[in-house]
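Accompanying notes for the structure given below.
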There are 2 protein chains.
Amino acid sequence: MDELKIGDLAKRSGVSVRTLHHYDAIGLLVPSHRTPSGHRLYGRDEIARLQQIVSLRQMNFSLEQIAEMLRGADAQRVIAMHVARLREQIAMQQELCARLEHLASSASTVDELLQTIETMTLFEKYYSKPQLDALAARREQLGESRLREAQSEWPRLMQRVREELARGTDPKHPRVVALAKQWRALIDEFTGGDAAIEQSLRNLYANESAVAERHGADRALSDYIARALS
Amino acid sequence: MDELKIGDLAKRSGVSVRTLHHYDAIGLLVPSHRTPSGHRLYGRDEIARLQQIVSLRQMNFSLEQIAEMLRGADAQRVIAMHVARLREQIAMQQELCARLEHLASSASTVDELLQTIETMTLFEKYYSKPQLDALAARREQLGESRLREAQSEWPRLMQRVREELARGTDPKHPRVVALAKQWRALIDEFTGGDAAIEQSLRNLYANESAVAERHGADRALSDYIARALS
DNA sequence: CTAAAACCTCACGCAACGTCAGGTGCAAGC
DNA sequence: GCTTGCACCTGACGTTGCGTGAGGTTTTAG
C-alpha cells in the first residue's frame, strides 16, 4: 500500500515524529486515515503537502503563514510582507552590530561599558532621530582621536572651574573667562553649534540628575560660566 | 523616603509593572524591602540597576546574558559572542531576502511559487555548496531571458521526444538524433558541462520520483536518448 | 511467543513578558 | 464608619515550534 506510517514519513522527509504530531495537532497536516488502533497513515497528498510545508519553513515562514498560503491566500502578498519584516530586522541588527563593536572597542571594564551604553540610551531618549544623525556625522567628522581627547579634557576642565568657584574668584577674572571660553568651545564642537541640540543636552542634564552628577555641571557651575561669558 | 513603589518605578523607567514582577521572579532585580503588607520597595541601588538592565536590553541582550554581565562576567566576551550571532543571522536573512524577492518576481501563482521553492530545496539537498555556487554563477552568466526561454523549451522538447518514442521511431533516425542533441545541449547549458553536477542531477531524479514525473525523463526516455546519441 | 521497536496520548519546558482573575491595602469623600 | 477607587499582591494561562520525557499499547522481527 502507498500509505506511510509516521516514522517512515519522518525519515523520508527529514522532520521529526514530534513535528508531525504537532502539525496534526494544529491542523496543518492531518493524516488521511488512521489504523483501527489509532496509528497515523499518510497518503500521497499528505506527503506532497509535507514537502511544501518543509520547503516553506526553510524560507522561514511561520506555520500560520504556511497554512494561509496552502489555503490559497495571496502568496505574493505574504511574501512581500515577510521580506519587508526581514529587511527591517536586518537594518536593526546591523545598527546594533555597529554599535556593539564600537562599544567593545571603546571600553574595557564592565562599568565603563555600562556607562557608555546608558549614555547612548539616554541620548536616544532626548534627541530626535535627525539630531542623532547629525551628531553621528559630527563625530565622524571629528575623528576618533579628537573624540577621545575631548572626553578626557572635559572632566579636567570642569574640575578647574569648580576650583575657581570654590575659591570665590570673580567670574570676570581673565583666568575664569579663558576657562569658560574653552568650555563653550568644547560644547560647540560637540553640538556642531546647533542650538536645538544644545537645548536637548540641557534637558537631559536637567532631568537626569544621576548623569548630571557624573558628567554635567550643576546649576551653580553653569551660572558661574554664564556670568563669565556675559 | 527615597524608596519607590513598583508603579512609580515603572513610570520613571518606562517598563511595565509586569516586567518588574518578572525580573523579581527570576532574581534579576529583587526589591530591597517590602512593606509589611508585601508591597515592593525599590531603593537607589535597584533603580540604578534597572537603568542598566533597560540599557542592556535595548542592545538586545537576553536577560540571562544581562544577569551574567551584572554579576561581573567578562563583558567583552559576551558582546563578542552576541555580535557573532547577530552577524550570522544577518547573513542568513539577507540570503533569504534575496531568494524571496527573486522568487516573488519569477512566479505568479501559488502553485508556481511552491514549485520553485520545492525545486530550490531539492537542489540544496543534492548539490554541495560549491556546486550550488557554480550553478548560481552559471545562471548569472546566462541571464534571465535565456533562462526563461530554456525553461519553456524543456517541456516542449521532452514532449516531442516522448511522441517519437511512442510512435516507435528508430532512435538513430535523424529527427530523433537532432532532438537528442538539443537535449544534451540544454543539459550542458544548465550544468556548464560539469560532470559532477550532472551526476548530482541524475541522483536527484533517481531518488525523487515526484520531481522526475513532472520535469524529468523516466528511464525509458533517457535510454532512448542515450541510444540516439551513441 | 516474546522482546524490541514503533506507535499512541498527555504534559512540561523554553524566552520574556501580556493579560486577565480574584483578592488585599490605603487614602479620600459621603 | 463606609464606600469608592486606585495601586498593589499572587497565581496562572497564552504566545512559537517544537524537544523531551512518562507511561501505556501495537506491530514486527526472530
Side-chain angles (χ1 to χ4, degrees), chain A residues 1 3-42 46 50 52-70 78 81-82 85-86 89 92, chain B residues 1 3-42 46 49-50 52-70 78 81-82 85-86 89 92-93:
Chain A
M1 61 180 82
E3 310 235 84
L4 289 178
K5 289 174 53 177
I6 198 168
D8 300 328
L9 179 57
K11 272 180 217 155
R12 279 169 61 91
S13 57
V15 307
S16 72
V17 170
R18 175 66 179 101
T19 298
L20 291 174
H21 280 169
H22 185 57
Y23 291 171
D24 187 5
I26 65 173
L28 179 58
L29 181 71
V30 181
S32 49
H33 306 301
R34 296 264 193 149
T35 66
S37 59
H39 289 195
R40 284 167 246 257
L41 292 176
Y42 294 87
E46 284 76 39
L50 179 57
Q52 299 181 328
I53 294 173
V54 170
S55 302
L56 288 170
R57 268 224 56 91
Q58 274 212 330
M59 311 304 257
N60 207 15
F61 288 104
S62 74
L63 296 185
E64 203 168 7
Q65 287 176 315
I66 293 176
E68 210 180 325
M69 290 172 75
L70 291 184
V78 178
M81 281 179 51
H82 196 48
R85 268 229 341 249
L86 278 174
Q89 276 192 28
M92 284 180 50
Chain B
M1 61 181 83
E3 311 235 84
L4 289 178
K5 288 173 51 175
I6 198 169
D8 299 328
L9 179 57
K11 272 180 216 155
R12 279 170 60 94
S13 57
V15 306
S16 72
V17 170
R18 175 66 180 100
T19 297
L20 292 174
H21 280 169
H22 185 57
Y23 291 170
D24 187 5
I26 65 173
L28 179 58
L29 181 70
V30 181
S32 49
H33 306 301
R34 297 263 194 150
T35 67
S37 58
H39 289 195
R40 293 170 175 78
L41 291 177
Y42 295 88
E46 284 76 38
R49 189 177 167 95
L50 179 56
Q52 299 181 329
I53 294 172
V54 170
S55 302
L56 288 170
R57 268 223 56 86
Q58 273 212 330
M59 311 305 258
N60 208 15
F61 288 104
S62 73
L63 296 186
E64 203 168 7
Q65 287 176 315
I66 293 176
E68 210 179 324
M69 290 172 74
L70 291 185
V78 178
M81 282 178 52
H82 196 46
R85 270 227 341 248
L86 278 174
Q89 275 192 29
M92 285 180 50
Q93 289 176 343

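Every chain is numbered from 1 and lettered A, B, ... according to where its sequence line falls, protein lines coming before strand lines. Here the structure is a predicted model, which means the values were calculated and not measured.
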Closest non-hydrogen atom pair, V17(B) against G7(B):
CG2-CA, 4.3 Å
Determine the minimum heavy-atom distance between A10(A) and S16(A), stating which atoms define it.
CB-C, 4.2 Å
How many whole angstroms separate atom [atom1] of [X] from atom [atom2] of [N]?
{"X": "R12(B)", "N": "dA7(D)", "atom1": "CZ", "atom2": "C1'", "result": "18 Å"}
{"X": "D8(A)", "N": "dA6(C)", "atom1": "CG", "atom2": "C1'", "result": "10 Å"}
{"X": "E3(A)", "N": "dC7(C)", "atom1": "CD", "atom2": "C1'", "result": "16 Å"}
{"X": "L9(A)", "N": "dC7(C)", "atom1": "CG", "atom2": "P", "result": "10 Å"}
{"X": "Y42(A)", "N": "dA6(C)", "atom1": "OH", "atom2": "P", "result": "17 Å"}
{"X": "R18(B)", "N": "dA15(C)", "atom1": "CZ", "atom2": "C1'", "result": "12 Å"}
{"X": "K11(B)", "N": "dC6(D)", "atom1": "NZ", "atom2": "C1'", "result": "10 Å"}

With a 3.5 Å distance limit and no angle check, can you tell me whether R40(A) reaches the backbone of S32(A) through a side-chain donor-acceptor pair?
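Absent.
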To the nearest 0.5 Å, what is the distance between [atom1] on [X] and [atom2] on [Y]?
{"X": "Q52(B)", "Y": "I66(B)", "atom1": "CD", "atom2": "CD1", "result": "10.5 Å"}
{"X": "K5(B)", "Y": "T35(B)", "atom1": "NZ", "atom2": "OG1", "result": "7.5 Å"}
{"X": "L63(A)", "Y": "Y23(A)", "atom1": "CG", "atom2": "OH", "result": "5.0 Å"}
{"X": "S37(B)", "Y": "H39(B)", "atom1": "OG", "atom2": "NE2", "result": "4.0 Å"}
{"X": "L4(A)", "Y": "L20(A)", "atom1": "CG", "atom2": "CG", "result": "10.5 Å"}
{"X": "T19(B)", "Y": "D24(B)", "atom1": "OG1", "atom2": "CG", "result": "12.5 Å"}

List in numerical order all residues of residues 59-67 of chain B for which some heavy atom is under 4.0 Å away from an atom belonging to DNA chain C.
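Going residue by residue through residues 59-67 of chain B, the ones with a heavy atom under 4.0 Å of DNA chain C turn out to be S62(B), L63(B).
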Is the phosphate of dC17(C) approached by S16(B) (side-chain N or O, under 4.0 Å from OP1 or OP2)?
no
Check whether any side-chain heavy atom of V30(B) sits under 4.5 Å from a side-chain heavy atom of E46(B), and report yes or no.
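No - every pair of side-chain heavy atoms lies 4.5 Å or more apart.
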Are the side chains of L50(B) and S13(B) in contact, using a 4.5 Å heavy-atom criterion?
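S13(B) vs L50(B): side chains touch.
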Can you list, by residue number, the residues of residues 20-27 of chain A that have a non-hydrogen atom closer than 4.0 angstrom to DNA chain D?
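Listed by number, they are H22(A), Y23(A).
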Using the closest heavy atom to pick a nucleotide of DNA chain C for each, name whichever of T19(B) or G7(A) lands nearer the 5' end.
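First, find each residue's nearest nucleotide; the 5'-ward one identifies G7(A).
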Anything under 3.5 Å between a protein N or O and an N or O of nucleotides 26-30 of chain D, put it in a table, one pair a line.
residue: dT26(D); atom: O3'; partner: S37(A); partner atom: OG; Å: 3.2
residue: dT27(D); atom: OP1; partner: S37(A); partner atom: OG; Å: 3.2

Side chain to side chain donor-acceptor pair (under 3.5 Å) involving Q58(A) - partner list, sequence neighbours excluded
none
Within a radius of less than 6.0 Å around CD of E64(A), do more than 12 heavy atoms belonging to other residues, nucleotides or ligands occur?
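Count not over threshold, so no.
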Inter-axis angle, terminal five-pair segments of the helix from dC1(C)-dG30(D) to dC30(C)-dG1(D) [nearest 10°]:
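Overall, the helix from dC1(C)-dG30(D) to dC30(C)-dG1(D) bends by 30° from one end axis to the other.
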Identify, with sequence neighbours excluded, every residue that meets side-chain contact (heavy atoms from CB on, under 4.5 Å) alongside H82(B).
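side-chain contact (heavy atoms from CB on, under 4.5 Å) list for H82(B), sorted by chain: L100(A), N60(B), F61(B), Q65(B), L86(B).
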Can you identify which nucleotide, out of dC8(C), dG19(D), dG18(C), has its nearest atom closest to the R34(A) side chain?
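Given the options dC8(C), dG19(D), dG18(C), the side chain of R34(A) is closest to dC8(C).
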